[in-house]
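Reading through the structure tokens given below for one structure.
Atoms considered below: every heavy atom in the structure, side chains included; atoms not considered: hydrogens, waters and symmetry mates. In this chain, residues are counted from 1 in sequence order.
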Amino acid sequence: MIQIKVERVFCVDHLAMWKPIQSAPFARNLELAVFDEEGEHALVFPCIKGGQGWKNAITGVRVDIRPTHWRAWEQGQMPAGTGDAVSDGS
């Protein structure tokens, strides 16, 4: 019999966990990501879900992306840039 050693891992901060994009709330600063075969690709600025799609929460510019996951943008989390426009290449 082979024994496998495992360690139970608990996430203390449930807000750090990614959620499916279908559950993303409207009118809140969110961190968006695309998960694919190459891994996790998160935007470096907060976005807001609106009736016409996603907008950069800082500039108000529309963000052309099809994210797969979201989580709350942490208060005080500094964006890496303004993200004037982002395209997912489609």
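- Residue Gly60 comes nearest to Lys55 through the heavy atom pair O-CD, 3.5 Å, listed as atom of the first residue, atom of the second, then distance.
- A pairwise comparison of heavy atoms in Trp70 and Ile21 identifies CD1-CA, 3.9 Å as the closest pair.
- Residues Val63 and Phe45 form a side-chain contact, since some pair of their non-hydrogen atoms from C-beta on lies under 4.5 Å apart.
- For Phe35 and Trp18, the ring centers are positioned less than 6.0 Å apart.
- Note: Leu30 CG to Trp73 CH2 = 10.5 Å, rounded to the nearest 0.5 Å.
- How far OG1 of Thr68 is from NZ of Lys19: 13.5 Å, rounded to the nearest 0.5 Å.
- Closest approach of Arg71 to Met17, counting heavy atoms only: CB-O, 3.6 Å.
- Looking at Lys49, its side chain does come within 3.5 Å of a backbone N or O of Ala24 through a donor-acceptor pair.
- With rounding to the nearest 0.5 Å, the separation of CD in Gln22 from NE2 in His69 is 8.0 Å.
- Atom CH2 of residue Trp54 and atom CD1 of residue Ile48 lie 10.0 Å apart, to the nearest 0.5 angstrom.
- Closest of all the heavy-atom pairs between Pro67 and Val34 is CA-CG2, 3.9 Å.
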